[in-house]
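Below is one structure, written out as C-alpha cells, with a few remarks after it.
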Amino acid sequence: MRASNTQCLGFLLFLIGVLQCKALARYTFVVEETPYKRLCSTKNILTVNGQFPGPTLYVHKGDTIIVDVYNKAKYNITIHWHGVKQPRYPWSDGPEYITQCPIQPGAKFSQKVIFSMEEGTLWWHAHSDWSRATVHGAIVIYPKKNSSYPFPKPDAEVPIILGEWWKKPIMEVYHEMLRTGGDPNVSDAYTINGQPGDLYPCSKQDTFKLRVEQGKTYLLRIINAAMQDLLFFSIANHSVTVVATDASYTKPLTRDIITISPGQTIDVLLKANQNPDHYYMAARVYSSALGAAYDNTTTTAVVEYSGKYAPTSPTPLPQLPYYNDTSASVNFTGSLRSLASDEHPIDVPKNITNHFIYTISVNSFPCPNNSCAGPNGTRLAASVNNISFTNPSIDILQAYYYGIKGVFGTRLPSFPPYIFNFTADDLPLDLETPKRGTEAKVLKYNSTVDLVFQGTNLEAGTDHPMHLHGYSFYVVGWGFGNFDLKKDPLKYNLVDPPLQNTIAVPKNGWTTIRFRADNPGVWFMHCHIERHLTWGMDTAFI
C-alpha cells in the first residue's frame, strides 16, 4: 500500500522538526543553595550551577536554545530571559503566575528560548519572589555568522554585572517587608561581577580586576542586576562610548558617566588610552525619592594596565554624581538615539491604534490600628492607573489559552481614573489608596500602541524603570511635570528614538513609548524596582 503525498509531506515535516530539535543547543541550569562569603560572613544563597553571578549564555542572532531548569532549592523558582522577545512563544518567558506557575522544589522545566531581532547584551534572572538577587547572569548575542558589529571589532569583550548584596538572607528581607508593610532593609553593598570591591571590609582580595593593554579597545557589556536601585557608573580618567542598549545598537555616545536602570543593559567601548596604572571603575546609587532610605556605599573594580610600573596610591576613583542628581540621570538617558542605519533600520509606529496614559504610583493601604510600618501606620503598595496588581491563583496565559473564567480581568483603565496634579508636592491623602485587582489590557494583533507613563508624587515620587516582556519599544518622548496631550507629542522623536525594553520614567515626569502589538501572547509589564513590583506596579498585555 503506497503512502499518499500528504502522508509523505507530513512525515518529512516531522523529520525536519526532529532534526531541528536535535540541532538546538541545550543548557542545564541547576538551581541550588551554595555558600558564599562576602563582607566577612558566609551565607547560603540561591545560585545556578553553583555560580554567582550565574553562567553567561553565548548565542548568535536568530538562534533558538533549550534550557533545562532543575529546581534543587527549597523555594519555588522561575527563570525569565529579560529582553528576549520569544516570538509567539510566551510559554517560556518565565514570570510566575503570568506565563507559568512556579517550578516547585524537586521539579524540572525545559524552556525554549527564541532569539529573533536582538543583538548585543541581555540577561536572564529569576522571576519569582526576590530570588533574582543572586539568580541571574548575562546573555551575549553575537551578530549572525559572517556578520559584524557596526563599530570596529573590540580586542576583548567583558560582561560587567552590577548587583546588590545583603548580609541577611534575601528571602528574610523579603518576608520581613511583607510582614511589616514598610520599606525593605537597604542592601549592605553593591557589587561588580559579584564582588563588593576595595571600599568594603574583607573584600579587597577578591575585587574584580579588568586587565587591559594600552592602545586596545574593550567592549564592556554592562548589566544592572540590582534589586532596588538605578546606578551611576564611571571609570576614573576614562570616557566610554555607548554603542548599544537593551540589545539594540545606538548612535555612538561618549560620556564620562552613565546611568543604568535595574533591568537595563548598556554596551560601551572602553579605550585603554591612559598612562599604565590602576584605575577604579565604580558604581553607586541614584535615588530620587525624598526621605527614602538608600544604600550609600560605592562598589569598585580595578582596571589594571599591563606592564611594569608602580601603581598610583591611592588608586584614582571616578567622580560620580550626588545620589539624587536627577539632571545627571536624565541628561544621559535622554541622549540615547537608535543607530537607524541601512543595516540596522528602525520602524517607529506613526499611525496609532491605541492611545493609553498609565499613572504609575507608590500608594498605601490602611492597616488596623495603624499597625503597619508604612507612612502613618499604613501598608505600602503601588499601582498602574490606580490598580494594585494581585497575583492570580494560576497563570494568566493558561487561563486565557484554555478560557478559564475568573482568573483575571481585562478592565485596566486606558486613562487615569482620577485626574489631579500628578506631580504636585502635596496631594490629598484620599488619593493614596488604590484598588486591588488582576487586570490586563487586550490588544488586537498588529495594532499600534502609544503609551504614556505618568509618574505621580503619591506617597513618594521617584524614578520607575518600566519593563515590558515580549517586546522592545521606542522611547519617543519624555519630560517633567504633567503630560500635555496637545503640546508634548509635537516634540516626539520619531526619527531615531532608542529601542529599549526598560526605560526609567523620571521623577516628577513622564515618558512615552510606542510599539506594534505583533507578538501574540500574554506579556508582563512592571516596574523593575523589585519592591514596587511586589507592591503591585504591574499589569499585562494580551
Could you work out, with side chain to side chain donor-acceptor pair (under 3.5 Å) as the rule, every residue matching [X], not counting sequence neighbours?
X	answer
Thr134	none
Asp246	none
Ser131	none
Thr297	Tyr200, Asp295

Out of the candidates His80, His467, His127, only one should pair with Phe524 under the ring-ring contact (aromatic ring centres under 6.0 Å, His included) rule; please name it.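 Of the listed residues His80, His467, His127, the ring-ring contact (aromatic ring centres under 6.0 Å, His included) partner of Phe524 is His127.
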Please list all pairs passing the side chain to side chain donor-acceptor pair (under 3.5 Å) test where one or both residues lie in residues 97-109, with sequence neighbours left out.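 Matches after skipping sequence neighbours: none remain.
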Only counting residues at least two apart or in another chain, list the ones meeting salt bridge (Lys or Arg N to Asp or Glu O under 4.0 Å) with Arg379.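 Here no residue qualifies.
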Taking only residues two or more places apart in sequence, or in another chain, which ones meet Arg38 in a salt bridge (Lys or Arg N to Asp or Glu O under 4.0 Å)?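 Arg38: no salt bridge (Lys or Arg N to Asp or Glu O under 4.0 Å) contacts found.
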Considering only heavy atoms from C-beta outward, does the side chain of [X] approach that of [Y] to under 4.5 Å?
X	Y	value
Val384	Phe389	no
Gln228	Trp130	yes
Gln500	Thr502	no
Phe151	Leu269	yes
Leu443	Val449	yes
Leu39	Ser203	yes
Leu220	Ile235	yes
Leu451	Thr512	no

Donor-acceptor pair between [X] and [Y] side chains, under 3.5 angstrom:
X	Y	value
Asn501	Ser472	no
His532	Thr462	no
Asp229	Tyr190	yes
Gln111	Ser92	no
Thr259	Thr333	no
Glu119	Tyr249	yes

Does the separation of the ring centres of [X] and [Y] fall below 6.0 angstrom?
X	Y	value
His464	His528	no
Phe541	Phe515	yes
Trp124	Phe29	yes

Heavy-atom closest pair, residues [X] and [Y]:
X	Y	value
Leu230	Ser261	CD2-OG, 3.7 Å
Met537	Ser383	CG-O, 3.7 Å
Thr534	Tyr174	CG2-CE1, 3.9 Å

Would you give the length of the straight line joining atom [atom1] of [X] to atom [atom2] of [Y], rounded to the nearest 0.5 angstrom?
X	Y	atom1	atom2	value
Ile79	His136	CD1	NE2	11.5 Å
Leu122	Gln264	CG	CD	11.5 Å
Asn363	Trp535	CG	CH2	10.0 Å
Ile396	Thr410	CD1	OG1	11.0 Å
Ile503	Ile513	CD1	CD1	9.5 Å
Ile222	Met281	CD1	CE	7.5 Å

Would you tabulate the side-chain donor-acceptor contacts of residues 43-50 under 3.5 Å, counting partners in other chains and residues two or more places apart, or write 'none'?
from: Lys43; atom 1: NZ; to: Trp166; atom 2: O; distance (Å): 2.5
from: Lys43; atom 1: NZ; to: Lys168; atom 2: O; distance (Å): 2.9
from: Thr47; atom 1: OG1; to: Glu32; atom 2: O; distance (Å): 3.1
from: Thr47; atom 1: OG1; to: Thr34; atom 2: OG1; distance (Å): 2.8
from: Thr47; atom 1: OG1; to: Gly50; atom 2: N; distance (Å): 3.3
from: Asn49; atom 1: OD1; to: Val30; atom 2: N; distance (Å): 2.8
from: Asn49; atom 1: ND2; to: Thr28; atom 2: O; distance (Å): 3.0

Less than 6.0 angstrom from the centroid, inside 45 degrees of the normal: does Lys61 satisfy that with respect to the ring of Phe115?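 Output no; distance or angle outside limits.
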Any cation-pi pair here, Arg436 with Phe365, using under 6.0 Å and within 45°?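 The answer is yes; both the distance and angle limits are met.
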A quick test of your reading: do over 12 heavy atoms of other residues, nucleotides or ligands sit less than 6.0 Å from NZ of Lys209?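 More than 12 heavy atoms, drawn from other residues, nucleotides or ligands, come within 6.0 Å of this atom.
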With sequence neighbours excluded, residues passing ring pair (Phe, Tyr, Trp, His ring centres under 6.0 Å) with Tyr70: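 So Tyr70 forms no ring pair (Phe, Tyr, Trp, His ring centres under 6.0 Å) with any residue.
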Partners meeting side-chain contact (heavy atoms from CB on, under 4.5 Å) with Asp518 (sequence neighbours left out):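 Counting only residues at least two positions away or on another chain, Asp518 forms a side-chain contact (heavy atoms from CB on, under 4.5 Å) with Tyr445, Asn446, Tyr471, Arg516.
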Checking Asp68 side chain against Ser110 main chain: does a donor-acceptor pair fall under 3.5 Å?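 Side chain of Asp68 to backbone of Ser110, a donor-acceptor pair under 3.5 Å: no, none is there.
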Counting N and O atoms only, with roles assigned by atom type, does the side chain of Ser388 sit under 3.5 Å from a partner on the main chain of Pro434, one being a donor and the other an acceptor?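 No; zero donor-acceptor contacts below 3.5 Å.
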Mind telling me whether Phe453 and Tyr358 have parallel, tilted or perpendicular rings, with 30° and 60° as the class edges?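 If you compare the ring of Tyr358 with that of Phe453, the planes turn out perpendicular.
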His60 vs Tyr142 aromatic rings, parallel, tilted or perpendicular, using cut-offs 30° and 60°?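 Ring orientation of His60 relative to Tyr142: tilted.
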Using a strict threshold of under 4.0 Å (side-chain N to carboxylate O), is an ion pair present between Asp267 and Arg221?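 Salt bridge between Arg221 and Asp267, a charged N being under 4.0 Å from a carboxylate O: yes.
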SB check Glu439 Arg411 (cutoff 4.0 Å):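 Looking at Arg411 together with Glu439, the answer is no, because their closest N to O distance does not fall below 4.0 Å.
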Working for side chain to side chain donor-acceptor pair (under 3.5 Å), residues His469 and His526: CA-CA 9 Å; His469 293 221; His526 60 91; 3.2 Å; yes
Set out, in order, the CA-CA distance, both residues' side-chain angles and the distance that settles side chain to side chain donor-acceptor pair (under 3.5 Å) for Asp198 and Thr207, then state yes or no. CA-CA 6 Å; Asp198 290 1; Thr207 295; 2.5 Å; yes
Please evaluate residues Trp165 and Phe52 with respect to the criterion ring-ring contact (aromatic ring centres under 6.0 Å, His included), reporting the C-alpha separation (whole Å), side-chain torsions for both, the decisive distance (0.1 Å), and the verdict. CA-CA 11 Å; Trp165 183 270; Phe52 170 64; 5.7 Å; yes
Return the set of residues passing disulfide (SG to SG under 2.5 Å) with Cys101 (not counting sequence neighbours), or none when no residue passes.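 In terms of disulfide (SG to SG under 2.5 Å), with neighbours along the sequence ignored, Cys101 is linked to no residue.
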Stepwise, does the side chain to side chain donor-acceptor pair (under 3.5 Å) test hold for Ser447 with Asn354? CA-CA 7 Å; Ser447 62; Asn354 302 289; 3.3 Å; yes
Quick one: side chains of residues 397-407, donor-acceptor pairs under 3.5 Å with protein atoms, not counting sequence neighbours, listed by atom name and distance.
from: Gln398; atom 1: NE2; to: Asp395; atom 2: OD1; distance (Å): 3.0

